[in-house]
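Here is the structure we will look at, set down as structure tokens.
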Amino acid sequence: MAEPRDDMTPFEAVTFFFDAVADQVGLDDQTHAVLAGTYREIRVQIALRRDNGSVETLYGYRVQHNGARGPYKGGVRYHPHADLEEVRALAALMTWKTALVDVPFGGAKGGISVDPTSLSMTERERMTRRFMGQVSYIVGVNRDIMAPDMNTNAQTMAWMMDAYGQRVGHTPAIVTGKPVALGGSLGREAATGRGVVMVLDELMRDDNRQPSEQTLAIQGFGNVGSWTARLASEQGYRIVAVSDVGGAITSSAGLDIEHLVAHARESGSVVDFPGSEPLDPDELLTLDVDVLIPAALGEVITKSNADRVRARYIIEAANNPTTPVADRMLADAGVTIVPDILANAGGVTVSYFEWTQNIQQFSWDESRVNDELGRHMRSAYRQVRDYADAQGCDLRHSAFAIAVQRVADAAHLRGYV
Ligand code: GLU
């Protein structure tokens with residue numbers, strides 16, 4: 001097997017994980033080439049009028065990776081690092097993710113290279129509407145459906161839906177992760193975190209570990225991190241450290257997550273939470289805990305810190321948090337990693353439920369959403385675990401092999417290759 005380099009770009013890293021299973025899945029060279037590349041990539045200029053009257057030139061991206069299994073699907077992030085290379089990597093991950101949890105979508109991702117904290121609410125709205133206008137030619141209910149990701153949320157989706165609707169008429173299924181009042185699904189906001197905890201529960205059950213005896217460290221306290229923390233603490237896990245952009249905190253007795261969520265909402269950060277101690281954010285990744293959950297940026301577990309990771313399990317709630325070199329080091333050290341395409345697939349799974357509800361003009365109650373989410377997540381986990389056990393490979397290898405096989409089958413059936 002090829003050796004990973006430590007200077008890989010995000011797309012090279014995702015391609016490395018894909019290449020690692022190509023032989024096992026028996027991909028011929030032509031199918032390999034079709035699945036490795038992206039279908040369409042666009043960069044759009046967004047001339048943003050600031051509140052003070054000046055105009056700033058921003059760039060946004062949408063990459064459609066593979067549509068063999070259904071319409072392109074994936075979020076849009078607002079972040080200074082969101083460039084074509086990163087968005088391309090995230091689009092490919094969406095193809096493998098939707099295939100793995102078996103929802104009838106392909107993979108896509110979008111982003112605007114911008115520091116959203118520098119924008120007022122009205123500037124965000126103008127930027128979002130302009131972006132939707134620019135990509136409206138390539139999205140569609142049966143073509144490409146956008147959703148929230150880093151620094152975007154239900155409000156962002158409401159503006160996108162409205163901007164699209166002004167062009168083509170009311171079309172709720174054009175985006176998912178909308179506010180419930182505009183056709184969003186109950187349970188969508190918590191879905192990624194809920195899926196993370198469902199997978200964690202399955203893993204602990206398989207390994208005969210009691211939730212109440214497990215300590216967790218969670219990097220990131222945005223939508224995914226905070227819901228993961230809330231739902232994990234409800235199941236009895238002890239969350240001993242969390243971080244956000246403001247800093248990190250720890251408590252060996254376990255953080256009171258309900259109060260922490262309120263504190264973060266009021267003060268804007270987890271820092272200074274009463275009863276906790278401050279922690280160096282870099283140290284969170286190397287704490288002596290049972291389970292480490294990166295739930296923020298990509299490429300945080302790297303060659304430079306992987307040898308200091310002391311967790312027994314890593315659950316990748318973030319996309320692409322572990323570089324291929326770190327992945328290899330951790331595998332050698334006996335750390336079990338639940339890969340992003342399985343661990344964080346709960347979000348896009350409930351996006352699929354939202355899309356179907358919109359198309360049928362019918363809404364499900366929350367217990368139905370959560371039951372169906374559990375069915376998809378547990379079944380995907382079981383398949384990944386069983387394949388890994390049968391083949392003697394790690395969970396990432398297993399997840400990619402299953403996903404790549406499904407996409408290759410669909411591509412063959414359509415006659416792409
Ligand atoms: N942004 C989320 C992800 O990375 C959700 C995408 C979606 O719902 O389409 O999986």
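This is a predicted model, so every value here is computed, not measured. Counting begins at 1 with the first residue of the sequence. Atoms within a ligand are numbered from 1 in the order they appear, just like the ligands themselves.
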Item checked: Note: Glu123-Arg49 ion pair, threshold 4.0 Å (strictly below) -> no
Check: Taking C-beta and beyond as the side chain, do Met8 and Pro324 meet within less than 4.5 Å on heavy atoms?
Finding: yes
Margin query: What does the 4.0 Å heavy-atom contact list look like for ligand 1?
Written below: Lys73, Gly74, Gly75, Met94, Lys97, Lys109, Ala147, Pro148, Asp149, Arg188, Asn319, Gly347, Val348, Ser351
Checklist line | Flag, side chain of Ser269 to backbone of Val271, donor-acceptor distance under 3.5 Å | finding: yes
Note to self: Could you check whether Arg43 makes a cation-pi contact with Tyr59, meaning its NZ or CZ is under 6.0 Å from the centre of the six-membered ring and within 45° of the ring axis?
What the structure shows: yes
Note to self: Between the side chains of Arg209 and Asp290, is the shortest nitrogen-to-carboxylate-oxygen separation below 4.0 Å, so that they form an ion pair?
What the structure shows: yes
Next item on the list: For the pair Phe400 and Phe17, name the ring-plane relationship: parallel under 30°, tilted 30 to 60°, perpendicular over 60°.
Entry: tilted
